[in-house]
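Just so we're on the same page: letters track the sequence lines, and every chain starts at 1.
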Amino acid sequence: MATTAEKFLKPEVIRQVARLDLRAKFIVEGFISGLHASPFQGFSVEFSEHRKYTPGDNIADIDWNVYAKTDRYYIKKFQAETNLTGYLVMDLSGSMGYTYRQELTKFEYSISLAAALGYLMIHQQDPVGVIAFDQKVRQSLSPKSKRTQLANILSLLASLKPSGETAIPKSLHQVAGMMRHRSLVMLFSDLLGDMEPIRQALYRLRFSGHDVIIFHILDEAEALFPFEGMVELEDNETRETLLVDADGIKADYLEEVESFRAGYRKECRNARIDYVPLHTGMPFDKALMSYLLSRQARG
Amino acid sequence: MDISLINAGLAAGVTLAALPFILHLFMKQTPKHIIFPALRLIRERQKRSRKKIKIKNWLLLLARMALLALMALALARPRLWSNTSLGDREVPTALGLVFDTSLSMDYEQSGKTRLAEAKDSAYEILKKTPESSQVFVVDSAEPGIPPPLSPAAARKRIEALSTRPMFRPLNDAVGQAYTAVSESERDRHEVYVLTDLARSAWDTNRAVDGLDKLKKVKNGVATYVLRFAPKDVTDIAVSEAEPSSAVATQGESIVIRAKVRAQGPAVSRVVEFKLDGVSKGKEAVNIPANGEVEVKFTTPKLDPKVPLHQGLIKLSGAPDPLPFDDTRFFSFKVQPARKVLVITDRADDAEYITDALDPDPDTLPVGASRSFQVKRLLAKSLTASDRDTFKDYTCIFINNTQSLKEDDWGKLNAYIHEGGGLIIGLGNRCEAENYNSSLVAQVVPGKLEKKTHIPNGTRFGKVHDFTHPLFARYAREIEPELARLPVLAYWKVTPAQETRTLMSYADGAPALIERTLKGAKTGRVLLWTTPLSTRPDLESSEAWQEFPKNWTFLAVMLETVPYLAGGTAERLNYTAGENVILAIDPTRRFKNYVIQQEDSKTPETLTPPVTNDSLVIVSPQPLGQWKVTAVGANGEKESMGFSVNPPLSESQFVPLETAQLDALFGKDNYQLADDPKGISEVVKVTRLGRELFPWIMALILIIVTLENLLANKFHREAGSRVAAGATT
């Protein structure tokens with residue numbers, strides 16, 4: 001049974017929280033709570049992992065809560081001594097503002113997630129910044145690790161509005177040019193564009209020495225295609241329409257979505273990029289877990 | 001054309017046809033408008049699917065095209081391996097019907113002979129043959145190219161066919177049919193061979209005649225071998241019935257030896273012996289399965305007044321499916337024993353000749369008649385009375401005799417000029433001077449040059465004329481046997497004029513010379529350049545060869561006496577198809593010879609032969625006893641006769657193997673069928689070819705199913721992709 005904190009991992013719940021800073025806090029707390037309740041232990045905002053106690057370790061480092069649960073001695077291993085600069089890269093395309101069920105749009109889902117990640121990173125004292133783009137980079141916030149940075153991030157994220165067409169590859173090249181040090185780039189996008197130029201842009205980021213996590217966010221309707229009967233579909237960026245039999249096309253469409261994701265998954269694996277396929281109906285913990293795993297690998 | 005309605009009001013119901021359309025209009029859904037940013041994924045899908053759809057559409061198109069093509073093809077009813085370009089029955093045909101009329105076709109099973117069944121099948125074939133066809137009916141017993149007949153005329157010709165003894169192989173008959181059919185200009189060419197495929201009717205050492213002619217026919221000549229072989233053959237046959245001698249001696253009995261053979265299970269039969277139409281004996285015999293038993297009958301003492309006897313051996317006791325071999329006929333003459341004089345210096349030089357011609361009766365089989373009476377004389381003891389009685393002898397042998405007095409040679413000369421026969425055997429004792437004297441040279445066929453001893457020996461070599469009566473009976477066997485016999489010495493002789501060498505040694509020197517002397521009657525002298533005797537010790541210089549110990553000596557001696565007597569050893573028992581040669585008295589001239597088979601009502605008359613020494617009757621075919629009556633100018637008559645029997649091979653049914661058939665006709669050049677259904681089937685297949693209709697229909701079914709499956713699958717996919725693809 002989900003705890004009160006954990007319920008904030010659900011998009012439909014977090015949607016009811018209007019303030020972004022609270023959203024971020026609730027999501028992270030829910031995530032941390034879930035981590036402690038689950039057998040998958042080892043992460044927290046204060047320390048990076050647990051390890052078995054061995055004679056010679058400081059007794060003060062023993063995590064007594066874990067001992068109480070497992071009857072074994074674990075000590076907390078504290079965060080890495082070096083900090084990792086993170087960039088929350090937000091796609092402002094019109095398609096990101098889409099929601100079928102009038103719940104969280106892809107963009108709202110993205111900024112909620114981005115806020116939570118920003119929250120996590122600031123609490124880990126990692127410098128974190130924000131870059132938003134559509135046809136080109138529109139907004140940016142330099143990465144910092146101060147506590148005040150979180151407010152700046154949340155403020156910027158809250159002010160972003162998705163609209164119009166997007167040029168993901170061009171923007172990513174621009175982003176790559178903006179980053180001088182090795183960073184962790186966290187891209188939030190529906191990637192609805194030609195794959196090949198996007199792939200090249202991602203490789204550019206990787207060749208520049210950056211680590212990349214792609215949060216590939218689709219609307220729940222885009223991922224599950226819940227339509228029935230004859231429907232007229234309209235692309236909100238290009239205004240193109242197509243009349244289709246939803247029941248007949250569903251299997252093909254889902255196959256295409258899977259193929260679309262599989263294409264990115266394969267390219268990302270080749271480029272050693274973390275690829276996290278998401279849709280707006282999915283809880284946030286998956287995305288956060290991906291970040292932490294990535295963070296741990298680089299810590 | 002007026003149309004009226006009985007219930008016109010109800011016709012208004014036709015308007016209800018619009019109901020579905022109205023419902024369609026009213027119930028037409030207005031599609032829901034949805035913003036959907038991932039539309040590009042659907043477009044991507046469409047783009048990638050378009051190529052697949054194209055391929056699938058092509059597949060469908062091909063399947064439908066194939067369907068139409070196959071349907072058209074099926075309606076055209078194609079066929080494989082057809083012999084004619086036209087498939088229907090009404091094709092004018094050159095039809096050869098080769099009937100095996102050998103005696104084995106008389107085999108009766110299920111109440112019908114093989115020939116009757118063959119005829120029935122032929123009638124069926126003729127029924128299906130267009131009237132404009134040419135039919136060539138070949139009777140295997142009749143040579144010559146058959147004339148073309150209409151199917152109706154052919155039917156009558158077939159009705160008249162009957163079995164006859166086989167004296168030429170079916171290979172020839174098939175060749176006749178091929179020749180006739182290949183020369184016909186009809187569209188289709190077919191030859192049916194109706195036979196029981198008994199091996200005895202075929203020459204399996206060569207292919208059928210006329211195969212080369214088939215190549216000239218554009219569409220080929222289809223050959224159908226229709227087999228009417230009996231199943232589980234059972235036959236009881238008299239396989240042999242021979243008198244112990246062709247010429248019996250007056251006042252003596254003769255033994256008739258018969259063999260009865262069973263093909264099939266063991267049976268019991270009664271064997272009956274008839275002589276001159278009168279039953280002379282019966283004997284019950286048990287014949288083992290696939291076995292043979294021998295039966296002997298002895299004639300009564302033969303009446304000197306009856307010069308010719310004709311008899312038969314017949315089976316009775318139960319019906320037999322093959323009747324022709326249940327009886328076997330024979331004839332033999334009765335005459336006094338022929339007198340032969342043998343003159344030698346030493347008694348032992350006469351022994352071999354005597355043993356060959358007139359052996360001790362105790363050494364002969366019971367009932368064997370004494371054909372020759374041999375008198376032996378030593379040259380030194382020849383008396384005047386002996387010389388005066390030379391004419392009583394059929395022939396005189398002078399063997400290894402040193403010399404004879406001039407008076408003796410004179411008497412012999414006279415004897416020969418009166419039709420006598422002299423045989424001289426030259427040995428170590430002979431003096432050339434005596435034999436080369438001017439008087440003797442008129443008799444002896446050559447000049448004695450010298451005795452020739454061959455250190456390593458030579459052999460009898462070449463027989464110059466196999467048709468010579470001395471050798472004709474054993475023409476094939478005698479030369480190789482003689483060529484095996486070593487000859488250590490012989491007299492080198494230079495043949496005189498008007499003589500002929502009948503046989504030589506391997507080194508080319510004459511071994512046997514014949515001289516014919518014309519006088520009141522024709523007389524003959526035979527000169528052997530080696531003696532007609534030998535010595536027990538082969539090392540002895542007097543032992544020149546071992547010829548007298550060989551069977552060929554006996555064969556030649558037995559032929560010599562009849563030959564010198566004015567005729568060959570007469571044969572009176574013949575196999576059907578052989579030419580019959582009857583010896584006639586050259587001193588008598590008859591007006592004609594009337595020949596008649598015992599069952600025939602129409603005798604045949606022959607004119608006397610030019611040579612007037614033998615009467616040749618060409619291939620008499622009806623089996624049984626034949627009478628020949630020589631009719632003189634003044635009405636005087638002299639009776640002769642002979643017997644004709646079927647070939648033994650015909651009563652032993654052995655079917656042809658497939659490999660032998662292949663060798664006869666060529667593999668794949670013929671179709672074999674056993675029953676009416678099989679006949680129809682092979683004819684249909686060969687004539688029309690193998691019908692592909694069922695296969696095409698099956699293919700159509702498969703393609704229809706495939707097309708349906710593909711169409712359903714493709715349409716479902718296409719329908720799901722864009723039910724009504726409208727883009728703006």
**Q** Show your working on side-chain contact (heavy atoms from CB on, under 4.5 Å) between A:Glu234 and B:His33 and close with a plain yes or no.
**A** CA-CA 7 Å; A:Glu234 181 184 342; B:His33 186 266; 2.7 Å; yes
**Q** Over all heavy atoms of both residues, which pair between A:Asp235 and B:Leu39 is shortest? Give the atoms and the distance, please.
**A** N-CD2, 3.8 Å
**Q** Is a side-chain donor or acceptor of A:Glu222 paired with a backbone partner of B:Ala38 at a separation under 3.5 angstrom?
**A** yes
**Q** Given a strict heavy-atom distance threshold of 4.5 Å, which part of A:Ser93 is in contact with chain B: side chain, backbone, both, or neither?
**A** neither
**Q** Ring centroids only, cut at 6.0 angstrom: are A:Tyr100 and B:Phe36 within range, meaning strictly under it?
**A** no
**Q** Could you tell me whether a side-chain N or O of A:Tyr98 sits under 3.5 Å from a main-chain N or O of B:Ile35, the two making a donor and an acceptor?
**A** yes
**Q** For the candidates A:Gly193, A:Ser95, A:Ala221, which exhibits the highest count of non-hydrogen atom pairs separated by less than 4.5 Å from chain B?
**A** A:Gly193
**Q** Do A:Glu240 and B:Arg43 sit within salt-bridge range, that is, some charged N less than 4.0 Å from a carboxylate O?
**A** yes
**Q** Rounded to the nearest 0.5 Å, what's the gap from CG on A:Leu254 to CG on B:Leu41? Could you check?
**A** 10.5 Å
**Q** Out of curiosity, B:Ile42 CD1 to A:Leu233 CG, how far, rounded to the nearest 0.5 Å?
**A** 5.0 Å
**Q** With rounding to the nearest 0.5 angstrom, report the CZ to CD1 distance, A:Phe227 to B:Ile34.
**A** 4.5 Å
**Q** Kindly indicate whether the side chain of B:Pro37, heavy atoms from C-beta on, has any atom under 4.5 Å from the side chain of A:Lys106.
**A** yes
